Enquirer: 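First the structure, then my questions, so here it is.
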Amino acid sequence: MAAELLPILDVASRRLALIVGEHRLSVADLAAAAAKHRAYLRDLGVRPGDRVGVVAEGSVEAAIALVGNATYGVVSVPLNPKLGRLELDHILEDAAPKLILSGAAWPSAGWERPLRRVAFGVSAGEVGEAGFGDGGGGDAEGDAAPDRSAGPDSPLLILYTSGTTGAPKGAVLSVGNVASNLDGLAEAWAWSEADRVVHALPLFHVHGLVLGLFGALRAGACLHWIPRFDPRAVLQALAGGGTMLFAVPTMHHRIAEYIEQTPDLEPALAEGLRSARLLISGSAALSGREHQRLARLSGTGVYERYGLTETLINCAVRVDGPPSPGYVGPALPGVELRLVDDLRRPTIPADDRTIGEVAVRGPNVFAGYLHRPEATAEVLDAEGWFYTGDLATWREDGAVRIVGRRATDLIKCGGYKIGAGEVEGALLEHPAVREAAVIGAPDGDLGERIVAFVVVRDGSARPSAESLIDWVAGLLAPHKRPRAVVFSEALPRNPMGKVTKGVLKEQWAAQG
Ligand code: MCA
Ligand code: AMP
């Protein structure tokens, strides 16, 4: 089954499958690279079902490793190459990968803990060689065959995701979760082998990895992956034949700004957004203002879809109708969705007004968090309903409008989910910090920006805001760093002693 996730790799075709920088891999090239990768793992003693860490850096090698792992039936644990010490320690302990595949530059200097690190199995130089892919999908001597033994319940990925409290949890996603979800999306988006997806997302989260890499390949389409986001590079890729764009709202915002603020932009690039057939936004809400601006710049507008790491994509605006600003569309085919009240009863009428929590059920919903049955039981009930924590209304035609989140301690910054507690924990490790509270403040570019309120132990030895920001960026992935630090004498607390984050938000809004 793991090999069946990407059936395109069974046919040694010369069609283009993957573009990364100067590398252009045909389907046959990618199939041969995956076969070589499997043989490499096999010779290292890795077997289907084992867990393998993949440092998901911005390189063609990393993309090949993730595809190769999927065809071999090993469980990938994609790692942000910039994970800080606290997160990496935790993930390695929790997921205990048999080995970690990475480029030579990882981990960065200063890492002391032993790691079972090995180089990627296929180098970028090799895939460019003439005739590399002529052997097809795994028939050459010494290659390891694709794994066809596992069923839809076999784990495929463990993706770490932040929660309101504690360290990130490993969401275990199966082959069936991914395959069924991608097929639902293919239907909603009329996604086919005629498409070329463009994206500039990291490969360690659902959006870039599951939708962008596996999704494009499963649909038989080509992926043009830009490992480091740059608005100009995205426009060039679209103008050069891209038909679909996957991006988080921050990227859409920056693309629009770039077009509007570059007076001498080549007309061909300015046309990039217009030439794509489908612009998709997800991972966070796209504001009405951005919807309007992008509709003007693209002619078609942006289609939103909504999901979570634990459930993959739940809703998508269908491409057989117009974009629907403010709505994330109806549930995907195969996904059951309902809105529930505070007691988790499905009492919320489809009146586009009454707010409830989104609950979903279906083959897209994960099996649980690794080693965390209690955390799993909090979100997944005995009947298979997953409670998302997202608040929404819905219409009679099923269209869902996300209006907020239950937890104030979850922040979406640039499309990344960040638990306030994790950032507070990192700040509290600083010797000068006595108390810390973190909020997500509205931000036109990032959606929300992380603002830290800090009480120091000794007012006469106050560290600079920059040094505290750098401190967090060293312990955690840099995207979890505060963008601003406010030093306070004391934190506002309620009678129970809990920090009142609402007061901090008001304080920030007043001073901003
Ligand atoms: C900055 N950097 C630092 C520091 N400050 N490094 C060390 N110390 C510091 N103090 C580094 C960063 O690591 C980064 O390096 C570079 O400087 C720029 O960082 P930053 O300013 O954070 O980047 P940005 O410009 O704000 O990034 C915006 C972005 C990014 C490109 C939109 O947020 C992004 O890629 N978002 C995608 C998130 C995503 O994929 N979410 C999907 C989740 P370097 O450049 O070398 O890295 S899946 C999901 O949500 C569900 C399922 C769904 O619905 O999709
Ligand atoms: P993650 O855990 O990183 O997978 O983030 C999942 C969360 O992203 C969801 O619970 C939502 O809060 C948010 N999200 C994803 N897509 C959208 C969207 N189109 N509109 C609003 N919020 C979204």
Side-chain angles (χ1 to χ4, degrees), residues 56-58 78 80-84 105 108 159-163 168-169 171 173 181 199-212 215 226-231 234 246-255 280-287 302-317 324-329 357-358 360 364 366 379 386-392 400-407 410-419 443 445-450 465-483:
E57 56 174 44
N80 177 345
K82 296 210 160 181
L83 281 180
S108 54
L159 297 180
Y160 278 82
T161 180
S162 292
K169 301 185 281 280
L173 292 163
N181 202 239
H199 86 71
L201 296 150
L203 295 188
F204 45 81
H205 280 309
V206 163
H207 200 163
L209 173 62
V210 176
L211 274 58
I226 299 160
R228 179 179 286 261
F229 172 69
D230 167 45
V234 170
F246 293 175
V248 295
T250 302
M251 293 175 177
H252 284 292
H253 167 78
R254 292 187 187 177
I255 292 167
I280 304 280
S281 180
S283 303
L286 188 71
S287 69
V302 176
Y303 288 74
E304 275 198 76
R305 95 294 178 286
Y306 152 75
L308 286 85
T309 302
E310 294 88 336
T311 64
L312 302 174
I313 305 307
N314 298 314
C315 297
V317 178
S324 186
Y327 294 84
V328 294
E357 179 180 353
V358 180
V360 293
N364 56 312
F366 79 156
V379 290
F386 178 91
Y387 297 90
T388 63
D390 290 311
L391 301 175
V400 171
R401 187 164 58 94
I402 307 286
V403 297
R405 251 192 319 265
R406 261 194 196 294
L410 282 181
I411 300 167
K412 265 272 162 164
C413 175
Y416 287 114
K417 181 153 98 178
I418 300 154
D443 186 281
D445 175 47
L446 296 166
E448 289 180 294
R449 60 181 359 222
I450 299 177
E466 292 70 36
S467 69
L468 283 183
I469 292 170
D470 290 346
W471 171 266
V472 176
L475 288 181
L476 304 174
H479 67 255
K480 296 182 178 173
R481 72 190 186 279
R483 305 279 171 146

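Because the structure is a prediction, the values reported are computed rather than measured. Atoms within each ligand, like the ligands themselves, are counted from 1 in listed order.
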Enquirer: Taking ring-ring contact (aromatic ring centres under 6.0 Å, His included) as the test, write out the residues that go with Tyr303, two or more places apart.
Expert: none
Enquirer: Compare every heavy atom of Tyr327 with every heavy atom of Glu304, then report the nearest pair and how far apart it is.
Expert: CB-O, 3.8 Å
Enquirer: Looking only at protein heavy atoms, identify the closest one to atom 25 (O) of ligand 1 and say how far it is in Å.
Expert: Arg254 NH1, 2.7 Å
Enquirer: Take atom 16 (C) of ligand 1 and look for protein heavy atoms under 4.0 Å from it; say yes if you find one, no if not.
Expert: no
Enquirer: Would you mind running through ligand 1 and noting each atom that sits below 4.0 Å from a heavy atom of Leu201?
Expert: 40 (O)
Enquirer: Would Phe386 and Leu308 count as a side-chain contact (heavy atoms from CB on, under 4.5 Å) here? Give the steps.
Expert: CA-CA 11 Å; Phe386 178 91; Leu308 286 85; 3.8 Å; yes
Enquirer: May I ask you to identify, for Arg483, whether its side chain, its backbone, both or neither come under 4.0 Å of ligand 1 on a heavy-atom basis?
Expert: side chain
Enquirer: Would you say Leu468 and Pro482 make side-chain contact, with heavy atoms under 4.5 Å?
Expert: no
Enquirer: Any side-chain heavy atom of Tyr387 within less than 4.5 Å of one from Arg406?
Expert: no
Enquirer: Below 4.5 Å, heavy atoms only, C-beta onward: do Lys82 and Lys480 meet side chain to side chain?
Expert: no
Enquirer: For Asp445, is there any backbone N or O sitting under 3.5 Å from a side-chain donor or acceptor partner on Thr250?
Expert: yes
Enquirer: Which residue owns the protein heavy atom closest to atom 11 (C) of ligand 1, what's the atom, and how far is it?
Expert: Lys82 NZ, 4.2 Å
Enquirer: Can you find a heavy atom in the side chain of Asn80 that is under 4.5 Å from one in the side chain of His479?
Expert: yes
Enquirer: Which of the numbered atoms in ligand 1 are below 4.0 angstrom from a heavy atom of Pro478?
Expert: 3 (C), 6 (N), 12 (C), 13 (O)
Enquirer: I'd like to know if Pro202 contacts ligand 1, where contact means a heavy-atom distance under 4.0 Å to any ligand atom.
Expert: yes
Enquirer: With a 4.0 Å heavy-atom cut-off, what residues sit around ligand 2?
Expert: Thr161, Ser283, Ala284, Ala285, Glu304, Arg305, Tyr306, Gly307, Leu308, Thr309, Val328, Asp390, Lys412, Lys417
Enquirer: State the atoms of ligand 1, each with its element, that fall below the 4.0 Å cut-off from a heavy-atom position in His207.
Expert: 42 (C), 48 (S), 55 (O)
Enquirer: Is the backbone of Ile280 close enough, under 3.5 Å, to the side chain of His252 for a donor and an acceptor to pair up by distance?
Expert: yes
Enquirer: Below 4.0 angstrom, counting only protein heavy atoms, does anything approach atom 28 (C) of ligand 1?
Expert: yes
Enquirer: Check whether any N or O atom of Ser283, backbone or side chain, sits under 3.5 Å from an N or O atom of ligand 1, and answer yes or no.
Expert: yes
Enquirer: Which of the atoms of ligand 1 are close to Leu446, meaning less than 4.0 Å from one of its heavy atoms?
Expert: 26 (O)
Enquirer: Looking only at distance, does Tyr306 have an N or O less than 3.5 Å from an N or O of ligand 1?
Expert: no
Enquirer: Tell me the protein heavy atom at minimum distance from atom 38 (C) of ligand 1, and give that distance in Å.
Expert: Gly414 O, 3.4 Å
Enquirer: Below 4.5 Å, heavy atoms only, C-beta onward: do Glu448 and Ile418 meet side chain to side chain?
Expert: no
Enquirer: In terms of residue, atom name and distance, what is the protein heavy atom nearest to atom 7 (C) of ligand 1?
Expert: Ala473 CB, 3.9 Å
Enquirer: Name the closest protein heavy atom to atom 39 (C) of ligand 1, giving the residue it belongs to and the distance to 0.1 Å.
Expert: Gly415 O, 4.0 Å
Enquirer: List the closest protein heavy-atom neighbour of atom 10 (N) of ligand 1: residue, atom name, distance to the nearest 0.1 Å.
Expert: Asp470 OD1, 2.8 Å
Enquirer: Less than 4.0 Å between atom 42 (C) of ligand 1 and some protein heavy atom, yes or no?
Expert: yes
Enquirer: Any heavy-atom pair between the side chains of Leu312 and Val210 that's under 4.5 Å?
Expert: yes
Enquirer: Does the protein put a heavy atom under 4.0 Å from atom 45 (O) of ligand 1?
Expert: yes
Enquirer: Give the atoms of ligand 1, by number and element, whose distance to some non-hydrogen atom of Lys412 is under 4.0 Å.
Expert: 49 (C), 50 (O)
Enquirer: Please round to the nearest 0.5 Å and tell me the distance separating atom OG1 of Thr161 and atom CG of Leu410.
Expert: 8.5 Å
Enquirer: Does some side-chain heavy atom of Leu446 sit less than 4.5 Å from a side-chain heavy atom of Arg483?
Expert: yes
Enquirer: Looking at atom 21 (O) of ligand 1, what's its closest protein heavy atom, distance included?
Expert: Arg481 NH2, 2.9 Å
Enquirer: So if I count the atoms of ligand 1 from 1 in the order they appear, which ones are less than 4.0 Å from some heavy atom of Thr309?
Expert: 52 (C)
Enquirer: Side chains of Leu159 and His205, heavy atoms from C-beta outward: is any pair under 4.5 Å?
Expert: no
Enquirer: In Å and rounded to the nearest 0.5 Å, what is the CD1 to OG1 distance from Ile402 to Thr388?
Expert: 6.5 Å
Enquirer: As an exercise, state the distance from CG of Leu173 to CG of Asn364, rounded to the nearest 0.5 Å.
Expert: 10.0 Å
Enquirer: May I ask you to check if ligand 1 and Arg305 share an N or O to N or O distance below 3.5 Å?
Expert: yes
Enquirer: Given 3.5 Å as the limit, does a donor-acceptor pair link the side chain of Ser283 with the main chain of Val248, or not?
Expert: no
Enquirer: Output the list of atoms in ligand 1 that are nearer than 4.0 Å to some heavy atom of Val206, sorted by atom number.
Expert: 48 (S), 52 (C)
Enquirer: For His252, is the nearest heavy atom under 4.0 Å from an atom of ligand 1?
Expert: no
Enquirer: To the nearest 0.1 Å, how far is atom 34 (C) of ligand 1 from its closest protein heavy atom, and which atom is that?
Expert: Tyr416 CE1, 3.6 Å
Enquirer: side-chain contact (heavy atoms from CB on, under 4.5 Å), that's the test. Do Asp390 and Tyr306 meet it? Break it down for me.
Expert: CA-CA 10 Å; Asp390 290 311; Tyr306 152 75; 2.8 Å; yes
Enquirer: Within ligand 1, which atoms have a heavy atom of Arg228 less than 4.0 Å away?
Expert: 44 (P), 45 (O), 46 (O)
Enquirer: Could you walk me through whether His199 and Leu211 pass side-chain contact (heavy atoms from CB on, under 4.5 Å), step by step?
Expert: CA-CA 10 Å; His199 86 71; Leu211 274 58; over 6 Å; no
